[in-house]
Amino acid sequence: MSAAPIPKTAPFAEEEIESLNRVVGTATPIQRAWLAGFLAGLEAQAGVAANDVLPAAAPQKAEPLTVLYATESGNSEKLAGDVAKSARKLGFKPALVDMADLDVASLKDTKKLIVIAATWGEGEPPGRAVHAYKTLMSDAAPRLDDVEFGVLALGDTAYAEFCAIGRKIDERLAALGGKRVVDRVDCDLDFAEPAARWIGDAVKVLTPPNAGGRVIEVDFGGKPAAPASTDIVEAEITEHVDLNSSRSDKETIHLALSFENGAPAYQPGDSLDLYPENDPDYVDELLKVAGLTGDEKLRNDFIKSRDVTTLSLKTVEAYAEKTSHHYVKALIADGQAREWIAGRQLIDLIATFPIALDAEKLRALTRPLAPRAYSIASSRREVGDEAHLLISAVRYESHGRARKGVASNYVAERLKKGGRVRVKLKPNKHFALPAPDRDVIMVGPGTGVAPFRAFVQERRATEASGRSWLFFGDRTFTHDFLYQLDWQDALKDGALTRMDVAFSRDTPEKIYVQHKLWDRRTELVGWLDGGAYFYVCGDAKAMAKDVRAALVRAFADVKSLTPEAAEQAVVTLEREKRYLQDTY
Ligand SMILES: Cc1cc2nc3c(=O)[nH]c(=O)nc-3n(C[C@H](O)[C@H](O)[C@H](O)COP(=O)(O)OP(=O)(O)OC[C@H]3O[C@@H](n4cnc5c(N)ncnc54)[C@H](O)[C@@H]3O)c2cc1C
Ligand SMILES: Cc1cc2nc3c(=O)[nH]c(=O)nc-3n(C[C@H](O)[C@H](O)[C@H](O)COP(=O)(O)O)c2cc1C
């Protein structure tokens with residue numbers, strides 16, 4: 001006799017229910033009795049009375065919980081998965097919803113809602129979440145009087161608009177009548193612990209009191225949500241080449257990494273997180289202005305593992321609090337601190353407002369040094385156990401001081417061929433190639449071209465039949481044409497069907513990729529109407545917005561659409577996940 005199937009309402013994911021049914025459904029009565037005894041024994045061993053775990057009566061329907069996430073680089077999505085796991089253990093039936101797919105009107109039917117939202121750009125929602133976010137903020141949003149909710153915000157204190165999107169969603173849900181049952185927490189880049197704590201609290205608070213009989217208590221407090229970083233791997237640098245000519249004012253490094261135990265299992269479109277070290281000269285100068293020269297332990301710690309450059313409002317407030325510095329306190333009290341921070345670093349704060357500091361006070365002003373993401377510029381099918389990166393050295397001057405980006409200059413100035421570097425795979429399933437027979441249009445000026453080298457290599461290796469069209473741009477043809485020979489080869493062997501280039505400093509009038517899109521609008525819209533996928537990678541501040549606007553105008557012009565209808569055509573591409581972005 002086979003057992004009655006486990007109902008769909010059970011507090012497991014659908015695939016888990018299927019797996020359980022596969023085993024329990026065909027088990028003999030003796031096997032089922034053994035399993036029941038075994039599970040009860042396990043719980044008793046864990047200190048939970050069997051009566052607390054086993055339903056006394058018929059199983060109750062698992063409580064639905066919507067876990068909504070707005071993500072660009074996957075952190076919020078990963079945490080949403082952690083929420084679902086924890087919630088299932090407490091008897092919920094969680095539904096994970098990417099804000100990219102959210103029908104905002106459906107929120108009114110939700111009883112319990114957890115939102116995890118990242119902030120991007122300069123206080124903007126992640127690209128894929130823009131549409132739903134705008135609807136939520138508009139008059140079209142439904143009343144949420146019956147919704148209990150909690151919001152976890154992800155961000156980076158280095159940005160002026162720290163966690164702005166999480167904060168705005170939290171305020172909006174309350175304004176629409178939702179009942180906030182757990183206070184929002186705003187997380188910085190080292191979010192693992194606070195996020196895990198918040199998730200544990202939120203799921204517990206949302207658990208109905210009458211669920212007592214079925215609840216298995218789990219202690220989540222303080223445990224990191226993310227697994228330990230065991231997947232950081234050390235790679236050897238086998239190539240370190242500046243792709244700009246010596247007469248360029250830019251330096252863009254092609255870095256080939258090789259892995260002793262096989263490259264991480266990356267796909268075209270993924271990135272690597274690279275773990276940098278700080279510039280020892282900068283650290284020495286910082287220690288000098290802080291009056292802490294000679295503290296070798298602190299120097300080493302600062303070079304290897306602390307973020308000693310970022311200056312955030314939080315840092316200025318901590319400095320005022322720890323030092324009671326009169327002028328810094330006044331800066332905050334006058335509401336000037338935010339403006340003062342712009343373009344400045346930690347060293348400016350200490351140099352401008354010097355005060356006696358000890359090592360512990362100075363260290364407390366810093367956060368852990370975070371890795372930087374770099375798009376992978378190769379396909380494993382072509383390069384085997386290697387991964388290639390394309391890294392542009394960030395250098396600029398502000399407030400009279402020459403500044404250098406931490407990771408990009410670590411790579412450009414201090415890593416050498418034969419050296420080693422620590423990296424971790426950062427998958428991005430939202431920026432993947434489509435089926436081999438689909439056409440792709442790739443817009444990647446500057447280092448934005450990196451993932452498209454991976455795409456082209458992959459399409460060559462898989463002999464993809466779909467066409468591919470690359471839009472590339474940089475400053476000058478002669479000095480800044482990144483991977484020029486690769487593109488020429490790809491055009492010759494057919495891995496690349498077309499290429500358009502825009503070199504902004506070669507002509508009196510600046511030409512960018514968006515101008516090339518406009519020039520080619522008829523063919524472009526033709527490709528998209530035929531089902532092509534449109535990819536944009538690179539600068540988020542201006543380029544990505546200009547490219548999108550150019551595409552809207554192209555639709556309006558080629559198909560004689562109103563601006564609204566043309567906008568809708570691009571929104572449709574986004575909804576169909578044929579307009580994909582990886583911008584930074
Ligand atoms: C998914 C993803 C993929 C990426 N792929 C690539 C890639 O393929 N190649 C690549 O080169 N980069 C890529 N980046 C960017 C990369 O991660 C780093 O942000 C970049 O290299 C700068 O890091 P850094 O440590 O050198 O600079 P940081 O030390 O982090 O300094 C950068 C900061 O300096 C400030 N700053 C920079 N320029 C100026 C200026 N002109 N005026 C005033 N302030 C300024 C800004 O506050 C900026 O945030 C990617 C980013 C993401 C998120
Ligand atoms: C290009 C870029 C812009 C960002 N802009 C902001 C911002 O304006 N405010 C903020 O708090 N965090 C900002 N962040 C930090 C992200 O929110 C943070 O890395 C977060 O963990 C990303 O989560 P996700 O992986 O779910 O997208 C930015 C990060 C990048 C790379």
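Counting starts at 1 for both ligands and their atoms, following the listed order. In this chain, numbering begins with 1 at the start of the sequence shown.
- Nearest non-hydrogen protein atom to atom 24 (P) of ligand 2 is T71 OG1, 3.3 Å.
- V571 approaches R548 most closely through the heavy-atom pair CG2-NH2, 3.8 Å.
- If you check which protein heavy atom lies closest to atom 23 (O) of ligand 2, you get A118 CB, 3.2 Å.
- One side chain, R403 or S398, offers a donor N or O that lies under 3.5 Å from an acceptor on the other.
- The contact set between ligand 1 and I391, taken as ligand atoms under 4.0 Å from a residue heavy atom, comprises 11 (O).
- Inside a 4.0 Å radius of atom 19 (O) of ligand 1 there is not any protein heavy atom.
- Residue contacts with ligand 1, taken as heavy atom pairs separated by less than 4.0 Å, involve D582 solely via side-chain atoms from C-beta onward.
- The single protein non-hydrogen atom nearest to atom 25 (O) of ligand 2 is S73 OG, 2.5 Å, given as residue, atom name and distance.
- Counting heavy atoms under 4.0 Å from ligand 2, residue L189 touches it through the side chain alone.
- Checked against a 3.5 angstrom limit, the closest N/O atoms of E77 and ligand 2 fall outside it.
- When only interatomic distances are considered, the shortest N/O to N/O separation between Y374 and ligand 1 falls below 3.5 Å.
- Of the protein's non-hydrogen atoms, Y159 OH, 3.8 Å is the one closest to atom 29 (C) of ligand 2.
- Checking each of T447, N244, D474 against K250 for a side chain to side chain donor-acceptor pair (under 3.5 Å) leaves exactly one that passes, namely D474.
- Of the residues R575, K577, R128, the one that meets the salt bridge (Lys or Arg N to Asp or Glu O under 4.0 Å) test with D101 is K577.
- Considering backbone and side-chain N/O atoms, E124 never comes within less than 3.5 Å of an N/O atom of ligand 2.
- For ligand 1, the polar-atom distance check against N409 finds no nitrogen or oxygen pair separated by under 3.5 Å.
- On a distance-only criterion, T583 and ligand 2 share no N/O pair closer than 3.5 Å.
- Below 3.5 Å of separation, one finds an N or O of G74 facing an N or O of ligand 2.
- The distance criterion of under 3.5 Å between nitrogen or oxygen atoms is met by V406 with respect to ligand 1.
- The closest donor-acceptor contact from the side chain of Y535 to the backbone of A432 lies under 3.5 Å.
- Residues S138 and T135 have side chains that never bring a donor and an acceptor to within less than 3.5 angstrom of each other.
- Residue, atom and distance of the protein heavy atom nearest to atom 13 (C) of ligand 2 are T119 O, 3.0 Å.
- Close N/O approach between D156 and ligand 2 is found [any backbone or side-chain N/O within under 3.5 Å].
- For A164, the closest heavy-atom approach to ligand 2 does not fall below 4.0 Å.
- Under 4.0 Å from ligand 2, the heavy atoms of E122 that appear belong solely to its backbone.
- Nearest protein heavy-atom contact of atom 8 (O) of ligand 2 is G123 N, 2.8 Å.
- The nearest heavy-atom contact from the protein to atom 11 (O) of ligand 2 is C163 N, 2.7 Å.
- Residues Y483 and F472 place their aromatic rings such that the two centres sit no closer than 6.0 Å.
- Nearest protein heavy-atom contact of atom 21 (O) of ligand 2 is N75 ND2, 2.9 Å.
- Looking at ligand 1, you won't find any N or O of G343 less than 3.5 Å from one of its N or O atoms.
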Identify all side-chain donor-acceptor contacts of residues 387-396 below 3.5 Å with residues at least two apart in sequence or on another chain.
unit_1, atom_1, unit_2, atom_2, d
H388, ND1, R453, NH1, 3.0
H388, NE2, E386, OE1, 2.8
R395, NE, N409, OD1, 2.8
R395, NH1, E251, OE1, 2.9
R395, NH2, E251, OE1, 2.9
R395, NH2, N409, OD1, 3.1
R395, NH2, E413, OE2, 3.2

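- In terms of polar-atom proximity, defined here as any N/O pair under 3.5 Å, V394 makes no such contact with ligand 1.
- Taking the side chain as every heavy atom from C-beta outward, D170 and F149 approach each other to under 4.5 Å.
- An N or O contact shorter than 3.5 Å links G121 to ligand 2 by distance.
- Residues S378 and Y266 bring a donor and an acceptor atom of their side chains to less than 3.5 Å of each other.
- A distance-only check finds no donor-acceptor pair linking the side chain of K516 to the backbone of D500 [under 3.5 Å].
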